[in-house]
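Below is one structure, written out as structure tokens; comments come after it.
The basis for the numbers below is simple: all heavy atoms, side chains too, and nothing from hydrogens, waters or symmetry mates. Both counts, for ligands and for their atoms, begin at 1 and track the order of listing.
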Amino acid sequence: MTALIRYEEPAPHVARIVLARVEKHNSINPQMIFEVNDAFSRALYDDQIKVIILAADGKHFSAGHDIADSVEDYQARVQAEERKVGHWSGFQEPGTHGWYAAEKEAYLETARRWRNISKPTICAVQGKCIAGALIFAWVCDIIIASKEATFSDPVVTFGVSGIEWFGHPWELGARKAKEFLFTSDSWTAEEAWRLGMVNHVVEKDDLADFTLEMAKKIAAKPSFALKLAKEAVNKTLDTQGQANAIDAAFSLHHLCHSQNFRVYGWGMDPTNVPSLANVPKKPG
Ligand code: ZN
């Protein structure tokens with residue numbers, strides 16, 4: 001099986017995980033998720049590594065979750081993975097049971113693990129960062145975007161309340177999060193920076209170097225202090241209820257999936273998804 005990512009060490013104490021599925025616009029399937037998870041583990045347990053960059057090849061960071069698979073194929077792929085991280089099972093159970101379990105494993109609990117990796121993480125985003133791709137960016141500690149980068153979560157258009165990792169209010173503020181969701185609009189890197197979601201906006205040609213220079217600057221600091229600084233900020237968010245809020249929103253996300261299954265026999269409203277308009281109905 002061809003790897004969908006690369007693992008690099010571009011400087012001392014710095015690891016770089018690169019999404020390398022350019023022909024599919026780095027769309028995210030279970031294989032990529034578990035390869036990224038393995039790469040995070042490799043960087044985490046290598047005591048020489050102090051900072052981890054998450055980047056992507058090609059014009060776009062990622063088009064989001066790969067919806068080419070049928071729901072059944074997707075659940076089977078999650079079931080087949082031998083490197084699961086979460087505490088759920090029953091990935092191939094019928095109806096809501098299996099899909100809830102599979103998404104909880106592949107989207108929610110992997111994301112939570114990456115968010116809590118005890119080393120600073122920096123995401124470098126160019127081009128489009130759509131829906132599920134936001135999870136990859138948001139779980140990182142720092143986001144650097146190129147000027148032409150855009151961010152969107154259009155899933156309300158498809159009858160879903162937001163992506164599985166509901167970072168929106170934390171990343172954008174409550175009022176702008178609502179606008180982001182309600183309109184499905186694509187927002188510029190500059191707007192994301194203004195709202196505090198993005199740390200820096202740089203020229204596209206400078207993205208890799210700027211990100212690496214920041215990683216090197218961070219890597220010069222004592223690793224234990226870096227870990228504890230990260231933990232202190234994350235615990236602040238946890239104390240504010242972030243983890244519970246994200247769990248609650250995940251349940252609502254699945255209420256939407258169930259509604260769409262019941263009405264359309266598919267995971268979303270196919271009338272609003274041109275590429276899925278002719279997908280045959282699947283048993284819910
Ligand atoms: Zn979902």
Taking Arg112 first and then Asp247, would you say they form a salt bridge - that is, a charged N and a carboxylate O separated by under 4.0 Å? yes
Arg21 vs Gln31, test: side-chain hydrogen bond (donor to acceptor under 3.5 Å, both in side chains). Steps then yes/no. CA-CA 11 Å; Arg21 198 188 186 199; Gln31 182 192 341; over 6 Å; no
Quick one: pull up CZ in Phe34 and CZ in Arg77 and give me the separation to the nearest 0.5 Å. 12.5 Å
Counting only protein N, O or S atoms and ignoring waters, those under 2.8 Å from the Zn ion (ligand 1) are Glu103 OE1, Glu103 OE2, Glu164 OE2, His253 NE2, His257 NE2
With a 4.5 Å limit on heavy-atom distance, are the side chains of Met32 and Glu35 in contact? no
So, are Asp66 and Lys24 salt-bridged, with charged N and O less than 4.0 Å apart? no
Taking atom types as modelled, find out whether Arg113 and Asn37 have a side-chain donor-acceptor pair closer than 3.5 angstrom. yes
